[in-house]
Asker: 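There's a structure below that I have some questions on.
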Amino acid sequence: MRVPAPAAPRLASVTSETLIRNGLAARLAVLLAALGLWQGLSASGLLTPDLFPSMTSTLAALWHELTGAVLWAAVRDTLAAWAAGLLIGGGCAIVIGSLLGLSAFAYRSAIPVIEFFKTIPVIAILPIALLLFGATLKMKFVLVAFGVFWPLAIQVIYGVRSIDPVSLDTAAVLQVRGLRRFLVVVLPSAAPFIATGLRVSAAVALILDVVAELIGGGSGVGLQILTAENSGPTAYPIMYSYILVAGLLGVVLAGGFALAERRVLHWHESQRSQA
Amino acid sequence: MIMRQWLARPARALTGLWLFAVLAAAWWVTSAGSTSPFFPPLETILRRLYQLWFAGSAKQQLASSLAHFALGYAIAAVAGIGIGALLWSLRRVREATSPFVYFLYVLPTPVLVPAIMTIFGIGFAMKVVIIAFAAVWPTLLNTLDGMNGVDPVKLDSARVLGLSGPAMVRSVVLPAAGPQIVAGLRNSLQVSIILMVVSEIVASTGGIGYFILTAQQNFSFVDMWTGIIVLALIGTVLNLAFVLAEHWVLHWHYGARATEGKR
């Protein structure tokens, strides 16, 4: 059976396998060459420290931060809002999306509204969240949860709509109803759609999280970057080391989701070709 | 997809619209007597919206925002498809650079705003660079992924039939990778809109993001709400335009899928 039409899960999913394949030696060589080029440009004076810090000073700053407490507190604050927003926004999206998906009328009524809210740039909500909660963890969390909810709800609805009618009929004949039907029939069928939605949402959540820190002033990696930028060129190595940290967070979270997806959905045909 | 259904079946349009009407009415009614400065009555907001954005001069904010967006997004789209295709054709380069590309793809790009500001100042160039640099990755990676996914048999057949170079790309690679490239362009669109606003809020003296932020800081919450509504409308219109363009470009793809999907 193919996964049916709207928003097929494989679309727009950039798998890390496409990128991470053999050729480790070549990659290391390119990495070292890039680092060398960076240092060379700084040493030759083409890159001045007030524009772009040298490679050694950035790595030294990164090491200094890694061994200090500030960085880990910032990472913790960033991850806290990310996780809470994803959990609450995602949980609501799965429950509400499933309920809406099960009724044709509810689905047709709700989809345009959800599509509309999805296209609202979430930053538009930031001033309201700032007014209500100030530069707090709660403000970041609300922004992330709001941003995660709409795209994921759509994925869930499409996932639930794509259930094979035979499964639903079988469940009806076997008198599987209510919560049990939801857990045993609906959720597994919609799982690949939900997984794709979650993977995308996790990335969106991280972006909104750092935006809330950069603009809203909530504590976390984003705020550290802004603070370093405001302290002038001497702090640029610190700024770039936090940018590297933000990228590493992205790598870890994206990798974690891809791995979890493969583990949890190993039984589904969308994953089988990779086995 | 949804638009097409609406257009084709007007009866369904009603089902699609009643909830909007109910929600808008609910907002109107519940906010009508509101004395909270944060949540002014919808009627007040809409009156002000007309004054500022239709009769007034706030339109100019919009023009500069959209100019940044359009240029940044166009650069990202062309560079994303171009570099993606180039990396696809040069296997060794692709493998060697893949960790960098992946790193930049998963990096939450707004963190680059302060860094790009230190290099490009806070003018027009900075905003275009930020939008383009952030939005290029989804298109680039989806182009690469889509082209990698082209059936090798098709490529071999084309080669046997004597196709090569541009002809091969036009008649085999692009149609096969098209849907995923479009999906990438769509992600890039969303990123562009976000970065358009972020760049204006962080450092600007104009644009819709700046308008919303200054309104909030000056406690003119009615003005802030009008900016939020206008921004929401911009997001919706741009996405709608994209969906229409997508259907126009990929009509053959949806046609094929629709016939496949009939059981």
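Values below: every heavy atom of this structure, side chains too, minus hydrogens, waters and symmetry copies. We name chains A, B, ... by the order of the sequence lines, and we start the count at 1 in each one.
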Asker: Enter the distance from B:Glu200:CD to A:Ile215:CD1 here, rounded to the nearest 0.5 Å.
Answerer: 10.0 Å

Asker: Could you go step by step and tell me if A:Lys118 and B:Asn239 meet the side-chain contact (heavy atoms from CB on, under 4.5 Å) rule?
Answerer: CA-CA 10 Å; A:Lys118 193 183 114 184; B:Asn239 273 282; over 6 Å; no

Asker: Can you say whether the rings of A:Phe116 and B:Phe20 are parallel (under 30°), tilted (30 to 60°) or perpendicular (over 60°)?
Answerer: perpendicular

Asker: What parts of residues 214-223 of chain B touch chain A if we use heavy atoms and a cut-off under 4.5 Å?
Answerer: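 At a heavy-atom separation under 4.5 Å, chain A is reached by B:Gln216, B:Phe221.
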
Asker: So what's closer than 4.5 Å to chain B heavy atoms on A:Tyr242: side chain, backbone, both or neither?
Answerer: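 The answer is neither part of A:Tyr242.
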
Asker: Is B:Ile181 close to chain A through its backbone or its side chain, or both, or neither, when contacts mean heavy atoms under 4.5 Å?
Answerer: neither

Asker: What part of A:Ala228 gets closer than 4.5 Å to chain B, counting heavy atoms only: side chain, backbone, both or neither?
Answerer: neither

Asker: Where does A:Leu126 contact chain B at under 4.5 Å (heavy atoms): side chain, backbone, both or neither?
Answerer: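 For A:Leu126, neither part sits under 4.5 Å from chain B.
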
Asker: Apply side-chain contact (heavy atoms from CB on, under 4.5 Å) to A:Ile128 and B:Trp225, showing your working.
Answerer: CA-CA 9 Å; A:Ile128 306 174; B:Trp225 277 100; 3.4 Å; yes

Asker: Using non-hydrogen atoms only, which part of A:Leu31 is less than 4.5 Å away from chain B: side chain, backbone, both, or neither?
Answerer: both

Asker: Tell me, side chain or backbone of B:Ile119 under 4.5 Å from chain A's heavy atoms, or both, or neither?
Answerer: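 Contact with chain A is through both the backbone and side chain of B:Ile119.
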
Asker: Which heavy atom of A:Leu214 sits nearest a heavy atom of B:Pro110, and at what distance?
Answerer: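 Distance-wise, the nearest heavy atoms are CD1-O, 3.1 Å.
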
Asker: Among A:Ile207, A:Ile225, A:Leu244, whose side-chain contact (heavy atoms from CB on, under 4.5 Å) with B:Val111 holds?
Answerer: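 Looking at A:Ile207, A:Ile225, A:Leu244, the match for B:Val111 under the side-chain contact (heavy atoms from CB on, under 4.5 Å) is A:Ile225.
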
Asker: In terms of heavy-atom proximity below 4.5 Å to chain B, should A:Ala246 be classed as side chain, backbone, both, or neither?
Answerer: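 For A:Ala246, the contact with chain B is made by backbone and side chain together.
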
Asker: Can you say whether A:Leu248 sits under 4.5 Å from chain B via the side chain, the backbone, both, or neither, judging by heavy atoms?
Answerer: both

